[in-house]
Amino acid sequence: MDRNERWVWVVVADASRARLFRAETPRGPLVELEDAVHSAARLQDHELLSDRAGRAVDTQGHHRHGMEATTDPHDQEAQRFAHELAERLHVHHNAHDFDGLVLVAPPRFLGLLRGALDEQVAKQVLASLDLDLTRIYTAAEVQSHLPDPIYAAT
């Protein structure tokens, strides 16, 4: 592909999986580049928690009680994965692997991902679609949910 053409990447993600695609031409097929799984997000709560919540003594010093975790472990894993994915996109951006991004994710993870992107990568986002397409298995099926041509997102 001529480097004067725009290389748009499509990121299809949720809290436990991210698939990266490249649109080689405005109406051409998507090509899957990567399929990353964040297996920790699929664990049960008790598997994510490394130990019981801490213990505390009240201000009078007479009673001990358990402390509850302040953040849901699945939320923490989703945030961790969003940051990992954002870092991966940052590396690819610095390598000039894409000129534009289309983000596709369920609303909650889409917000986490957009919030994790650095300023340079965030400027490359052409469109955000609040859809969960991670369970769609073929690139053609994913593409059927995107604007036609893909550059129409610009």
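Values below: every heavy atom of this structure, side chains too, minus hydrogens, waters and symmetry copies. The model shown is predicted, which means the values in this text are computed figures rather than measured ones.
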With sequence neighbours left out, write down each residue that passes side chain to side chain donor-acceptor pair (under 3.5 Å) with [X], or none if nothing qualifies.
X	result
Glu141	Thr138
Gln120	none
Glu34	Arg88
Asp118	His90

- Under the salt bridge (charged side-chain N to carboxylate O under 4.0 Å, His left out) test, residues paired with Arg114 that sit two or more places apart: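 Listed in chain order: nothing, the list is empty.
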
- Task: Would you please name every residue forming a salt bridge (charged side-chain N to carboxylate O under 4.0 Å, His left out) with Glu32, sequence neighbours left out?
- Result: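 Counting only residues at least two positions away or on another chain, Glu32 forms a salt bridge (charged side-chain N to carboxylate O under 4.0 Å, His left out) with Arg19.
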
To the nearest 0.5 Å, tell me how far [X] [atom1] sits from [Y] [atom2].
X	Y	atom1	atom2	result
Asp132	Arg17	CG	CZ	10.0 Å
Leu133	Arg135	CG	CZ	11.0 Å
Leu117	Leu112	CG	CG	11.0 Å
Leu126	Leu101	CG	CG	7.0 Å
Glu87	His92	CD	NE2	10.5 Å

For [X] against [Y], the heavy-atom pair lying closest together:
X	Y	answer
Val12	Thr134	CG1-N, 3.8 Å
Trp9	Leu20	CZ3-CD1, 4.1 Å
Ala86	Leu113	N-CD1, 4.2 Å

- Query: Residues two or more places apart in sequence or in another chain: which of them pass side chain to side chain contact (heavy atoms under 4.5 Å, CB included) with Ser144?
  - Reply: none

- Partners meeting side chain to side chain contact (heavy atoms under 4.5 Å, CB included) with Ala13 (sequence neighbours left out):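 For Ala13 the side chain to side chain contact (heavy atoms under 4.5 Å, CB included) partners, ignoring immediate neighbours, are Val11, Ala18, Leu85, Phe109.
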
- So do the side chains of Phe21 and Gln143 get within less than 4.5 Å of each other, counting heavy atoms only? no

- Message: Could you tell me if the side chain of Ile136 sits less than 4.5 Å from the side chain of His145, heavy atoms only?
- Response: yes

- Query: Is a side-chain donor-acceptor pair under 3.5 Å present for Asp130 with Ser128?
  - Reply: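 Asp130 and Ser128 do not have a side-chain donor-acceptor pair below 3.5 Å.
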
- Query: Can a salt bridge be assigned to the pair Asp97 and Arg22 using a cut-off of 4.0 Å between side-chain N and carboxylate O?
  - Reply: no

- Task: Given salt bridge (charged side-chain N to carboxylate O under 4.0 Å, His left out), test Glu84 with Arg80 step by step and report yes or no.
- Result: CA-CA 6 Å; Glu84 289 173 7; Arg80 182 174 291 120; 5.2 Å; no

